[in-house]
Number of protein chains: 2
Amino acid sequence: MTTTILELRHLETIQALADTGSVSKAADRLYLTQSALSHQLKVLETHYGAPLIERGAKPLRFTAIGQRLLELARTVLPQVAEARRDVARHTQGRAGTLRIAVQCHNCFDWLMPAMDTYRTLWPEVELDIISGFLSDPLPLLERAEAELAVIHDAPAPRDDLVFHPLFRYESVALMSPQHRLSAKAWLSPEDFAAETLITYPVADDMLDVMKHYLGPARVNPKRRTAELTVAILQLVASGRGIAALPAWTVGNYIERGYVVSRPIGAQGLYCQLYAATTRAAAQATYIDEFIALTRKQSLSELKGVSALA
Amino acid sequence: MTTTILELRHLETIQALADTGSVSKAADRLYLTQSALSHQLKVLETHYGAPLIERGAKPLRFTAIGQRLLELARTVLPQVAEARRDVARHTQGRAGTLRIAVQCHNCFDWLMPAMDTYRTLWPEVELDIISGFLSDPLPLLERAEAELAVIHDAPAPRDDLVFHPLFRYESVALMSPQHRLSAKAWLSPEDFAAETLITYPVADDMLDVMKHYLGPARVNPKRRTAELTVAILQLVASGRGIAALPAWTVGNYIERGYVVSRPIGAQGLYCQLYAATTRAAAQATYIDEFIALTRKQSLSELKGVSALA
DNA sequence: CTAGCCTATGATTCAAATTCATATTTTTCA
DNA sequence: TGAAAAATATGAATTTGAATCATAGGCTAG
């Protein structure tokens with residue numbers, strides 16, 4: 001009778017489809033294969049006897065019934081999420097603390113908006129940022145001085161900690177539009193050698209370019225440091241050197257022609273962010289939700305950011 | 001991450017649990033086994049680490065988190081149903097006609113309320129009742145003079161028609177409280193033999209007692225007929241004879257002591273109602289929904305009615 | 001205490017969702 | 001336009017997990 005072929009899973013898919021604009025990207029976000037979503041869609045479409053999306057449309061358009069199901073997803077999924085939170089509040093202890101240890105300057109760019117959203121969902125959770133800019137924040141977790149640590153790259157699996165993938169971003173080289181290197185399609189380690197590299201005043205292993213590109217290539221350019229991103233960009237714009245920053249931090253400046261960006265290496269330099277928690281904390285819904293929310297919000301609002309397996 | 005263990009299926013289960021007050025009854029309603037629901041519950045409960053229902057409570061009480069999920073089900077499921085209707089309106093032709101052929105007098109008791117509810121959900125569907133009180137309404141389906149026929153008992157499977165189970169009800173014998181047979185716990189065919197049987201003025205094979213009980217026993221009591229249920233009951237109450245009617249039609253009269261009821265046969269006489277449609281009509285969502293709604297509403301509002309496999 | 005009803009559970013079966021491998025289509029850019 | 005890259009579709013294999021079956025355990029009422 002009321003054979004409910006439709007499940008929440010499908011609504012998640014439809015929402016991801018709308019958010020990402022493509023089947024493959026939606027699959028990434030949902031931690032599924034593209035094939036899985038394609039099959040899911042086919043099941044729904046044969047069930048309804050009509051397509052949900054218009055095949056061969058670049059920004060992915062929904063048909064009328066696709067729209068209607070999307071609307072359903074948009075109203076229903078938040079209600080489900082809210083119920084989940086309420087249930088978690090009942091089953092797990094009342095409130096909780098969430099102290100977040102961050103390594104990198106730029107992380108504030110996405111952490112702050114995510115925290116703002118989170119606060120509306122979990123008002124009772126005490127949120128804190130611990131920013132000593134330590135090169136290794138994991139000991140903070142062990143010593144129970146933080147519940148969550150944002151770290152670069154996937155560390156070796158550990159018994160006591162869990163690593164949750166956040167997202168992947170591209171670090172790009174920045175230079176003034178007049179800079180001689182702007183003629184190149186991408187920068188090699190040698191290109192950096194003769195330049196002044198403008199960075200935050202932190203250790204090398206906290207700088208993506210050094211750790212993953214120039215370090216392995218044994219290139220160590222001259223340095224100049226600035227505390228603030230704007231200061232770095234100002235130095236870059238005035239030709240004092242080149243910098244390397246995550247693509248998302250500089251989108252505006254590039255659009256305005258203030259500076260130009262070039263890939264680091266032929267393939268570009270991609271970096272990965274993970275959230276680390278203790279195994280216990282990973283069980284707590286309020287922490288789990290913070291990670292999921294951060295991930296989702298960052299993926300949809302930051303440029304040049306993509307999902308991570 | 002946001003591992004949605006919860007699915008619409010679970011919400012359906014929780015709602016059925018609340019509606020029926022027991023796991024087994026809920027299973028019947030959902031066309032699942034009791035075991036299936038028990039397993040479902042266990043999955044949810046181990047996931048949340050807490051029970052959803054209080055074990056060993058007769059009318060089945062929900063825990064706090066069970067309540068919360070029930071609340072979710074009650075808000076979400078209607079939204080999903082509405083979306084389903086909207087999608088059906090898009091994919092299948094605009095409006096539709098639904099002409100219902102009924103065999104039995106009593107069917108109006110549950111058909112009318114169901115039709116009222118249905119009209120609010122599918123206002124564009126033209127609803128009609130065809131009540132010639134024919135003993136076999138199936139030809140009406142074949143001749144496309146009706147879209148749905150309510151019939152007694154499961155007929156032999158046919159290629160061109162689909163039979164949808166509606167529900168099971170008990171037909172009970174009715175007599176005045178002073179009647180000598182009221183001393184018996186249940187009535188045998190012989191008990192009927194010496195009595196006057198008061199019935200609607202229709203053929204024998206449309207009367208449950210005759211068709212399924214007295215007919216096979218070759219008992220053919222004296223008759224007296226009346227058009228209206230109240231008239232039959234009046235005759236019964238005044239000792240002019242006994243009657244046999246579905247339990248749900250006479251609930252009030254029995255409670256007030258106007259008449260008393262006794263099972264027909266030691267096990268009671270149970271009858272089955274089915275909705276028949278053409279195979280094509282069974283595909284149409286608006287017809288399918290009518291059947292589902294009728295079934296559900298009758299099961300929850302009529303006394304002495306139970307689910308049918 | 002026993003019969004009857006309801007629920008729980010392990011084992012098995014069955015269905016369905018996902019992945020894998022690959023084909024097909026579409027897009028991009030030289 | 002052609003070739004490479006990206007995105008999507010699809011059949012088969014695999015894996016997951018949901019339902020049933022068979023049965024045991026509990027509770028209630030007579």
Side-chain angles (χ1 to χ4, degrees), chain A residues 1-14 16-47 51-63 66 168 170 185-186 263 266-268 270 304 306-307 309, chain B residues 1 3-14 16-47 51-63 66 185 263 266-268 306-307 309:
Chain A
M1 300 310 79
T2 316
T3 310
T4 299
I5 198 110
L6 190 73
E7 281 291 356
L8 290 181
R9 169 165 24 96
H10 302 292
L11 296 184
E12 300 271 11
T13 296
I14 288 169
L17 239 31
D19 290 350
T20 63
S22 101
V23 179
S24 332
K25 297 215 194 77
D28 283 350
R29 166 179 300 201
L30 296 171
Y31 291 123
L32 291 173
T33 60
Q34 170 269 323
S35 179
L37 290 211
S38 194
H39 282 293
Q40 264 193 27
L41 274 178
K42 204 171 66 166
V43 167
L44 288 182
E45 296 186 330
T46 58
H47 175 250
L52 299 193
I53 59 179
E54 293 173 14
R55 304 308 153 121
K58 201 53 221 201
L60 183 66
R61 281 176 50 77
F62 282 89
T63 63
R168 221 169 74 103
E170 184 179 4
W186 51 271
Q267 314 304 322
Y270 288 89
S306 59
Chain B
M1 294 315 78
T3 310
T4 299
I5 196 109
L6 190 73
E7 283 289 358
L8 290 181
R9 169 166 22 98
H10 302 292
L11 297 184
E12 299 271 10
T13 295
I14 289 169
L17 240 30
D19 290 350
T20 63
S22 100
V23 179
S24 332
K25 296 214 194 78
D28 283 350
R29 166 178 301 197
L30 297 172
Y31 291 122
L32 292 173
T33 61
Q34 170 269 321
S35 178
L37 292 210
S38 194
H39 281 293
Q40 267 192 26
L41 274 177
K42 204 172 67 164
V43 167
L44 288 182
E45 295 186 332
T46 59
H47 175 251
L52 298 192
I53 59 180
E54 292 173 14
R55 304 307 153 124
K58 205 55 216 202
L60 183 65
R61 281 176 49 79
F62 283 89
T63 63
Q267 313 304 325
S306 59

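Everything numeric in this text was worked out from a predicted model, so none of it was measured.
Rounded to a whole Å, the CZ atom of R61(B) is 19 Å from the C1' atom of dC6(C). For E45(A) and dA9(D), the CD to C1' distance is 11 Å, given to the nearest whole Å. For the pair K42(B) NZ and dT9(C) P, the computed distance is 5 Å after rounding to whole Å. Distance CG (L8(A)) to C1' (dA17(C)): 16 Å, rounded to an integer number of Å. For the pair D28(A) CG and dT19(C) P, the computed distance is 11 Å after rounding to whole Å. In this entry the distance linking CD1 of I53(B) with C1' of dC6(C) reads 11 Å, nearest Å. H47(B) has its NE2 atom 15 Å from the C1' atom of dG17(D), to the nearest Å. Going from atom CD of E54(B) over to atom C1' of dC6(C) covers 17 Å, rounded to whole Å.
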Detail all sub-3.5 Å separations between protein N/O atoms and N/O atoms belonging to nucleotides 18-28 of chain D.
from: dA18(D); atom 1: O5'; to: R9(B); atom 2: NH1; distance (Å): 3.4
from: dA19(D); atom 1: OP2; to: Q40(B); atom 2: NE2; distance (Å): 3.2
from: dT20(D); atom 1: OP2; to: T33(B); atom 2: N; distance (Å): 2.8
from: dT20(D); atom 1: OP2; to: T33(B); atom 2: OG1; distance (Å): 2.5
from: dT20(D); atom 1: O4; to: H39(B); atom 2: NE2; distance (Å): 3.2
from: dC21(D); atom 1: N4; to: S35(B); atom 2: OG; distance (Å): 2.6

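Here CG of D19(A) is found 10.5 Å from CD of E12(A). Values are rounded to the nearest 0.5 Å.
Contact annotation: the side chain of I14(B) approaches that of L44(B) to within less than 4.5 Å [non-hydrogen atoms, C-beta and beyond].
Phosphate contact (OP1/OP2 of dT10(D), side-chain N/O of S38(A), threshold under 4.0 Å): absent.
With sequence neighbours excluded, no residue forms a side-chain hydrogen bond (donor to acceptor under 3.5 Å, both in side chains) with E7(B).
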